[in-house]
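Comments concern the structure below.
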Amino acid sequence: QVQLVESGGGLVQTGASLRLSCTASDRTFGLWTMGWFRQAPGKERDFVAAISWNGGTTSYTDSVKGRFTISRDNAKNTVYLQMNSLKPEDTAVYYCAADRQIIPIAITSGEYDYWGQGTQVTVSS
């Protein structure tokens with residue numbers, strides 16, 4: 001069974017940075033589109049960013065463009081989310097997800113096949 005394990009969350013102040021990591025247990029990781037989603041209390045799970053199998057294409061939700069960067073290292077079966085200039089509205093549980101479909105990049109949660117357990121990010125004002 002495929003496992004995705006996130007790490008790197010925490011409590012930070014406004015303007016700080018965090019880097020989330022998500023490591024997959026399956027060697028076919030390099031063929032998957034990978035995405036990051038987040039869910040704040042009482043809200044739906046929303047798309048944050050996604051990256052194609054080879055890292056050549058990325059997509060971001062508007063609210064994080066210019067602040068967040070998604071990247072991947074297929075040799076390490078790991079996808080990253082570098083988050084800079086964090087704001088209180090970024091507070092949420094962040095989930096990584098894997099889509100076995102190579103193209104196009106998926107930006108809706110229903111298109112993803114595997115999910116991590118989530119990591120909490122809290123940004124204080």
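The chain is numbered in sequence order, starting from 1.
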Establish, yes or no, whether the cationic atom of R100 lies under 6.0 Å from the six-membered ring centre of Y112 and within 45° of the ring axis. no

Would you say E6's side chain and T119's backbone share a donor-acceptor pair under 3.5 angstrom? no

Minimal heavy-atom distance between G118 and V93, with the atoms involved, is CA-CG1, 3.8 Å

Look up atom SG in C22 and atom CD in Q3, then write down how far apart they are to the nearest 0.5 Å. 11.0 Å

Is the backbone N or O of T33 less than 3.5 Å from a side-chain atom of R72, with the two atoms forming a donor-acceptor pair by type? no

Looking at Y60 versus F47, is the centre-to-centre ring distance below 6.0 Å? no

If only atom types and distance count, is the side chain of R67 paired as donor or acceptor with the main-chain N or O of S85 below 3.5 Å? yes

How many angstroms lie between OG in S63 and CZ in F68, if you round to the nearest 0.5 Å? 7.5 Å

Less than 6.0 Å separating the ring centroids of Y114 and W32? yes

side-chain contact (heavy atoms from CB on, under 4.5 Å) with M34: which of I105, V79, D99? V79

Contact between N74 and K76 at the side-chain level, heavy atoms closer than 4.5 Å - yes or no? no

Would D90 and K87 pass as an ion pair if we require N to O under 4.0 Å? no

I'd like to know if the side chain of T122 pairs up with that of Q120 as donor and acceptor (distance under 3.5 Å, no hydrogens or angles considered). yes

Let me confirm one number: the CG-CG distance from L4 to D26, rounded to the nearest 0.5 Å. 9.5 Å

Measure the CH2-OG1 distance between W53 and T28 for me, rounded to the nearest 0.5 Å. 13.5 Å

Carboxylate-amine/guanidinium proximity below 4.0 Å for D46 and R38: no

Taking all non-hydrogen atoms of both residues, which atom of D73 and which atom of F29 are closest, and how far apart? O-CE2, 4.1 Å

Honestly curious: do Y94 and Y80 fall in one hydrophobic cluster under the side-chain, below-4.5 Å linking rule? no

side-chain contact (heavy atoms from CB on, under 4.5 Å) for I70 and W36? Distances and angles first, verdict last. CA-CA 8 Å; I70 189 171; W36 286 96; 3.5 Å; yes

Please check if any side-chain donor atom of T78 sits under 3.5 Å from a side-chain acceptor atom of T23, or the reverse. yes

How far apart are the closest heavy atoms of L20 and G9, and which atoms are they? CD2-N, 3.6 Å

Closest heavy-atom pair and its distance - Y95, G116: CD2-O, 3.6 Å

Aromatic ring proximity, centroids under 6.0 angstrom, F37 and W115: yes

Drop me the distance from C96's SG to Q117's CD, to the nearest 0.5 angstrom. 7.5 Å

Between the main-chain N or O of V48 and the side-chain N or O of T61, is there a donor-acceptor pair closer than 3.5 Å? no

Note: G8 and L18 closest approach over all heavy atoms is O-CD2, 3.7 Å

Over all atoms of both residues, closest heavy-atom pair of A40 and T91: CB-O, 3.8 Å

